[in-house]
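Here the structure is laid out as structure tokens; the discussion comes afterwards.
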Amino acid sequence: MNSEAIFGQILKSIRKKQKVSQEELAFRSNLDRTYISMLERGIHQPTLNSLLAIAAALDMKAAELVGLVEDQLNKQSGES
């Protein structure tokens, strides 16, 4: 699985744990709901500005979000 797909899975998981809809996350981060959807499906990867906005909207640091992706990528490469 590539980093875009992993980011998308993690984003969706965090969003759902916080009981936030895509629409609400888009509103909080000043992004479009379809963009959030494409990120979650691994179609797009976030820009730095988008990453910062999404992390703030989820009340976390961008480094935490990126760290979760890195952890998953490391686990995946360790399985190969």
Side-chain angles (χ1 to χ4, degrees):
M1 188 177 311
N2 63 24
S3 59
E4 291 90 351
I6 291 171
F7 176 82
Q9 286 181 342
I10 289 169
L11 175 60
K12 185 175 185 176
S13 173
I14 293 168
R15 179 180 62 75
K16 286 188 168 204
K17 281 180 188 171
Q18 293 188 13
K19 296 183 167 81
V20 175
S21 68
Q22 286 182 347
E23 189 78 30
E24 180 64 21
L25 179 57
F27 176 77
R28 289 182 190 179
S29 59
N30 200 30
L31 298 168
D32 192 85
R33 188 207 55 81
T34 57
Y35 180 68
I36 299 294
S37 174
M38 287 187 283
L39 290 174
E40 289 187 357
R41 290 182 288 144
I43 294 171
H44 283 295
Q45 55 185 317
T47 64
L48 179 57
N49 286 335
S50 296
L51 179 63
L52 292 168
I54 289 167
L58 294 171
D59 197 29
M60 60 191 307
K61 294 184 180 206
E64 290 177 83
L65 196 48
V66 172
L68 292 169
V69 175
E70 284 181 317
D71 290 347
Q72 190 64 36
L73 283 169
N74 288 337
K75 284 180 188 175
Q76 182 178 306
S77 66
E79 292 174 359
S80 300

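Just the heavy atoms: all of them, side chains too, but no hydrogens, waters or symmetry mates, feed the values below.
In this structure, CD on E23 lies 11.5 Å from OG on S37, to the nearest 0.5 angstrom. Atom CD of Q9 and atom CG of L39 lie 13.5 Å apart (nearest 0.5 Å).
Within a 6.0 Å sphere centred on CG of D71, other residues, nucleotides and ligands contribute more than 12 heavy atoms.
Counting only residues at least two apart or in different chains, salt bridge (Lys or Arg N to Asp or Glu O under 4.0 Å) contacts with residues 1-10 are absent. Under the salt bridge (Lys or Arg N to Asp or Glu O under 4.0 Å) criterion, the residue pairs touching residues 37-60 are R15-E40, with sequence neighbours excluded.
Counting heavy atoms from C-beta outward, I36 and S29 have side chains that approach closer than 4.5 Å.
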Run the side-chain donor-acceptor check on residues 49-56: report pairs under 3.5 Å with partners two or more places apart or on a different chain.
| residue | atom | partner | partner atom | Å |
| --- | --- | --- | --- | --- |
| S50 | OG | Y35 | OH | 3.4 |
| S50 | OG | T47 | OG1 | 3.0 |

Going through the checks in order, is the side chain to side chain contact (heavy atoms under 4.5 Å, CB included) test met by M60 and L68?
CA-CA 12 Å; M60 60 191 307; L68 292 169; 4.3 Å; yes

List the steps, then state whether side chain to side chain contact (heavy atoms under 4.5 Å, CB included) holds for Q72 with M1.
CA-CA 10 Å; Q72 190 64 36; M1 188 177 311; over 6 Å; no

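A donor-acceptor contact shorter than 3.5 Å is absent between the side chain of E24 and the backbone of S21.
Here E70 pairs with nothing under the salt bridge (Lys or Arg N to Asp or Glu O under 4.0 Å) rule; sequence neighbours left out. By the side-chain hydrogen bond (donor to acceptor under 3.5 Å, both in side chains) test, S3 pairs with no residue at all, sequence neighbours left out.
Nearest heavy-atom pair across R28 and A57 is NH1-O, 3.3 Å.
The hydrophobic cluster containing M38, built from Ile/Leu/Val/Met/Phe/Trp/Tyr side-chain heavy atoms closer than 4.5 Å, also comprises I43.
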